[in-house]
Structures are given as C-alpha cells and as structure tokens.
Amino acid sequence: MQNTLVDFCVAISWALLVLSACLVLFSKYKHTDFKQRLFKFLNSVLVIHIATITFYLTHFKADSLKTNLWLLIALQIALNITCFMSVKRRKEKTRPSLDSFSMD
C-alpha cells in the first residue's frame, strides 16, 4: 500500500513539474501579477516535492528512485529560479525611474 502511495505521489510530482515548466514557458509575455502568482504556485509545488521526497527517503531504503527524485527537485528549483528572475526583471521594467520625471 505504501509503495503504491509513494509511486502515486512521485507521478503527481512529475506531472506538477511538467505543468510548472509549461506555465513558466508560456508566461513570457504575461504581466507581473501573473508571474508573482506563478512564483507562489511554484514555491508550493517545491514544498510538495520536498515533502514527497522526505517521506520516500525516510520510509524506503531502495536506491532505485533516489537519483530520479533528486533530479525532480533540481529541475523544480531551476524553474523557481527562472520564474524569480523573470519577476525581478518585470518589476524593474515597470518601476518608474527618475528620468521619467520632469524637473521643470
């Protein structure tokens, strides 16, 4: 029963990773509010991934999925960093600079 639950959680984790990747790729032209919500979603997904891996590593000693799970975490962190940099860039673009104000 636990093996089935863990396999299901790992499958859900990979599905969430694919969804996250698609959202990051398609959010290139979206506005800042969408990207901030996406970043919060990605952080939530990262917590789910870490919880799944922690559960797996504490209850099972098999090495068959460990590399797969660490790859999952690494890819999710890369997506989070990509989204964070995108949000940061978008905020800098929309922030008014002193050059836009007239001193006349």
Side-chain angles (χ1 to χ4, degrees):
M1 180 66 184
Q2 283 184 344
N3 282 340
T4 306
L5 179 64
V6 170
D7 291 340
F8 180 72
C9 288
V10 169
I12 293 292
S13 295
W14 278 106
L16 285 172
L17 181 74
V18 170
L19 176 67
S20 300
C22 290
L23 287 173
V24 167
L25 290 174
F26 294 132
S27 73
K28 186 175 181 181
Y29 302 108
K30 295 293 181 181
H31 49 82
T32 307
D33 188 42
F34 175 79
K35 289 188 179 199
Q36 287 173 337
R37 289 182 188 174
L38 177 62
F39 186 60
K40 289 178 186 177
F41 171 75
L42 291 177
N43 286 335
S44 302
V45 169
L46 182 62
V47 169
I48 291 170
H49 289 300
I50 291 173
T52 301
I53 290 174
T54 304
F55 178 77
Y56 178 79
L57 293 177
T58 57
H59 288 82
F60 301 101
K61 300 294 183 196
D63 292 332
S64 61
L65 277 179
K66 282 187 180 180
T67 305
N68 193 9
L69 295 176
W70 289 117
L71 178 65
L72 180 77
I73 288 288
L75 291 174
Q76 187 64 45
I77 289 173
L79 286 173
N80 282 29
I81 290 171
T82 303
C83 186
F84 173 76
M85 297 303 286
S86 177
V87 168
K88 186 177 174 183
R89 231 179 299 121
R90 181 65 74 156
K91 281 184 178 180
E92 288 175 358
K93 280 184 180 179
T94 59
R95 188 179 310 152
S97 66
L98 292 176
D99 295 337
S100 64
F101 296 110
S102 175
M103 298 296 280
D104 294 337

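We're numbering straight along the sequence, starting at 1. In what follows, every heavy atom counts, from backbone to side chain, and hydrogens, waters and symmetry copies are set aside.
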Between Phe41 and Ser20 the two heavy atoms that sit nearest each other are CE2-OG, 3.9 Å
| message | Any non-hydrogen side-chain atom of Trp14 less than 4.5 Å from a side-chain atom of Leu17? | response | yes
Ignoring hydrogens and geometry, is there a side-chain-to-backbone donor-acceptor pair from Ser86 to Thr82 under 3.5 Å? no
_Is there a path of hydrophobic side-chain contacts, each under 4.5 Å between heavy atoms, that joins Val47 and Leu71?_
no
So CG of Leu46 and CG of Leu72: to nearest 0.5 Å the spacing works out to 9.5 Å
Interatomic distance, CE@Met85 vs CG@Asn80, rounded to 0.5 Å, equals 13.0 Å
Hey, any chance Ile77 and Leu19 share a hydrophobic cluster, counting ILVMFWY side chains that come within less than 4.5 Å of each other, even indirectly? yes
To the nearest 0.5 Å, atom CD1 of Ile50 lies from atom CD of Gln76 at 9.0 Å
Practice item. Answer with yes or no whether the hydrophobic clustering places Val18 together with Leu42; edges join I, L, V, M, F, W, Y residues whose side-chain heavy atoms lie under 4.5 Å apart. Key: no
Rounded to the nearest 0.5 Å, the CZ atom of Phe39 sits from the CD1 atom of Ile81 at a distance of 9.0 Å
